[in-house]
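Step one of this worksheet: look at the structure below.
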Amino acid sequence: MGFGDLKAPSGLKVLNEFLLDRSYIEGHVPSQADVAVFEAIATPPPSDLCHALRWFNHIKSYQSQKNNLPGVKKPLGQYGPAGVADATAAIAKKAVDEDEDDDDVDLFGSDDEDDAEAARLKEERVAAYAAKKANKPALIAKSSILLDVKPWDDETDMAKLEECVRSIQMDGLVWGQSKLVPVGYGIKKLQINCVVEDDKVGTDILEEQITAFEDFVQSMDVAAFNKI
């Protein structure tokens, strides 16, 4: 298993297809699996690979927290779809060598090897904490947000723009109905509704991830915001 060469278009395409119905490389929260794959990518995926770009921007936001993410980092070839040849071993070694010469190339930088026992204990504490919280009933504050997503011009592919927006997936976010609204000169904006859990998703992270599709999106505005 593997993704092939993640520094080449072919590898990024495999990653994009792998993330079509997934938010993360493994499980339902960011983990060391996401860090391992993120570190193997030289530059952000192009905007036409919207699932891979959405994932890349989301994991990039965890840069300062990467050492605290759960899981134990495995060799890169142990992630990805089955049946894809692992062409990552030599590439990963080269990336580490380059990181030692230039820290700016790798957004995360290189790490010392984690102590296996310490990592296991940390995982157990995280799991125990999650189980304890799961047993406590809690009121979840939610909001309904109506977004206006504006394209660059009347030649922008609005179907592709909406596909990119809906490809953004995160815990606490549910996309709802949408429509195209004329704004003049043949240009239409995408008006789309979403429901968010207030403690998990804010308008700032929505704007950051939506405007990251810069080939399609000129800007995003909040048209309406209502507590549920």
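Quick caveat, the model's predicted, so the values are computed rather than measured.
- Heavy atoms of other residues, nucleotides or ligands lying less than 6.0 angstrom from CD of Glu124 number more than 12.
- Salt-bridge check for Asp198 with Lys142: failed, with every basic side-chain N at 4.0 Å or more from each acidic carboxylate O.
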Handout entry: Intermediate values then yes/no, side-chain contact (heavy atoms from CB on, under 4.5 Å), Lys200 and Met170
Key = CA-CA 9 Å; Lys200 297 179 180 179; Met170 63 186 79; over 6 Å; no

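- With respect to Arg120 and Glu123, no salt bridge is recorded, no charged nitrogen being found less than 4.0 Å from a carboxylate O.
- A continuous path of hydrophobic side-chain contacts links Val201 to Val165 [ILVMFWY only; heavy atoms under 4.5 Å].
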Exercise for the section: Under the side-chain contact (heavy atoms from CB on, under 4.5 Å) rule, what do Asp153 and Tyr185 come out as? Steps first, then yes or no, please. Expected result: CA-CA 9 Å; Asp153 51 40; Tyr185 303 101; over 6 Å; no

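- His58 and Tyr24 have tilted rings, their planes meeting at an angle from 30° to 60° on a 0 to 90° scale.
- Annotation: the span from Leu12 atom CG to Glu17 atom CD amounts to 11.5 Å, rounded to 0.5 Å.
- Once rounded to the nearest 0.5 Å, the distance linking CD of Glu197 with CD1 of Ile228 reads 10.0 Å.
- Side-chain N or O atoms of Lys122 include none that pairs as donor or acceptor with a backbone N or O of Pro70 at under 3.5 Å.
- Side-chain atoms of Trp175 never come within 3.5 Å of backbone atoms of Gln169 as a donor-acceptor pair (strictly under, hydrogens ignored).
- The CG atom of Leu180 lies 9.0 Å from the CG atom of Leu161; values are rounded to the nearest 0.5 Å.
- Lys179 and Glu162 are not joined by a salt bridge, as no carboxylate oxygen comes within less than 4.0 angstrom of a charged side-chain nitrogen.
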N/O donor to acceptor pairs below 3.5 angstrom from side-chain atoms of residues 42-50, sequence neighbours left out:
unit_1: Ser47; atom_1: OG; unit_2: Asp215; atom_2: OD2; d: 2.4

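- The CD atom of Glu208 sits 8.0 Å away from atom NZ of Lys60, with the distance rounded to the nearest 0.5 Å.
- No single ILVMFWY cluster, assembled from side-chain heavy atoms under 4.5 Å apart, contains both Val149 and Val183.
- Side-chain N or O atoms of Arg54 include none that pairs as donor or acceptor with a backbone N or O of Ala212 at under 3.5 Å.
- Using a distance-only test at 3.5 Å, with no hydrogens or angles considered, no donor-acceptor pair links the side chain of Asp154 to the main chain of Gly186.
- Shown here for Phe18 and Gly80, the closest heavy-atom pair between the two residues is CE1-C, 3.7 Å.
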Handout entry: Residue pair Thr203, Ile145: steps toward the side-chain contact (heavy atoms from CB on, under 4.5 Å) verdict
Key = CA-CA 9 Å; Thr203 55; Ile145 307 176; 3.9 Å; yes

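- Side-chain contact annotation: Ser144 with Asn193, donor-acceptor N/O pair under 3.5 Å present.
- Remark: Lys160 NZ is packed, more than 12 non-hydrogen atoms of other residues, nucleotides or ligands lying under 6.0 Å away.
- What you find for Lys7 and Ala40 is that their closest heavy atoms are NZ-O, 3.1 Å.
- Across all their heavy atoms, Ser167 and His51 have their closest contact at CB-ND1, 3.4 Å.
- When every heavy atom of Pro151 is checked against every heavy atom of Ile187, the shortest pair comes out as CG-CG2, 3.9 Å.
- Within 6.0 Å of CD on Gln65 lie more than 12 heavy atoms contributed by other residues, nucleotides or ligands.
- Using modelled atom types, one side-chain atom of Asp34 and one backbone atom of Ile25 make a donor-acceptor pair closer than 3.5 Å.
- The backbone N or O of Glu214 sits less than 3.5 Å from a side-chain atom of Trp152, completing a donor-acceptor pair.
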Practice task
Go through the steps to decide whether Gln32 and Glu26 satisfy the test side-chain contact (heavy atoms from CB on, under 4.5 Å), and finish with yes or no.
Solution key: CA-CA 9 Å; Gln32 294 300 321; Glu26 288 185 344; over 6 Å; no

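- Put simply, the side chain of Thr156 never gets that close to the backbone of Met158: no donor and acceptor are under 3.5 Å apart.
- Of all non-hydrogen atoms in Leu147 and Cys194, the two that sit nearest each other are CD1-SG, 4.4 Å.
- Between Gln191 and Asp148, the side chains place a donor N or O and an acceptor N or O closer than 3.5 Å (distance only, hydrogens not considered).
- Panel note: side chain Asp221, backbone Ala223; no donor-acceptor pair is recorded below 3.5 Å.
- Looking at heavy atoms from C-beta onward, Lys73 lies in side-chain contact with Val35 at the 4.5 angstrom threshold.
- Cluster membership check: Val14 shares its hydrophobic cluster with Ile59, using side-chain heavy-atom separations under 4.5 Å among Ile, Leu, Val, Met, Phe, Trp and Tyr.
- With hydrophobic clusters built from ILVMFWY side chains whose heavy atoms lie under 4.5 angstrom apart, Phe213 does not share a cluster with Ile41.
- Atoms OG and CG, on Ser23 and Leu173 in that order, are 9.0 Å from each other to the nearest 0.5 Å.
- Pairing each heavy atom of Arg166 with each of Ser178, the nearest pair is NH2-OG, 3.3 Å.
- Of the inter-residue distances, the one linking Gln209 atom CD with Ile168 atom CD1 reads 5.0 Å to the nearest 0.5 angstrom.
- Two rings, from Phe56 and Phe38, have their centers less than 6.0 Å apart.
- Linking ILVMFWY side-chain heavy atoms closer than 4.5 Å, directly or via other members, places Val37 and Leu19 in a single hydrophobic cluster.
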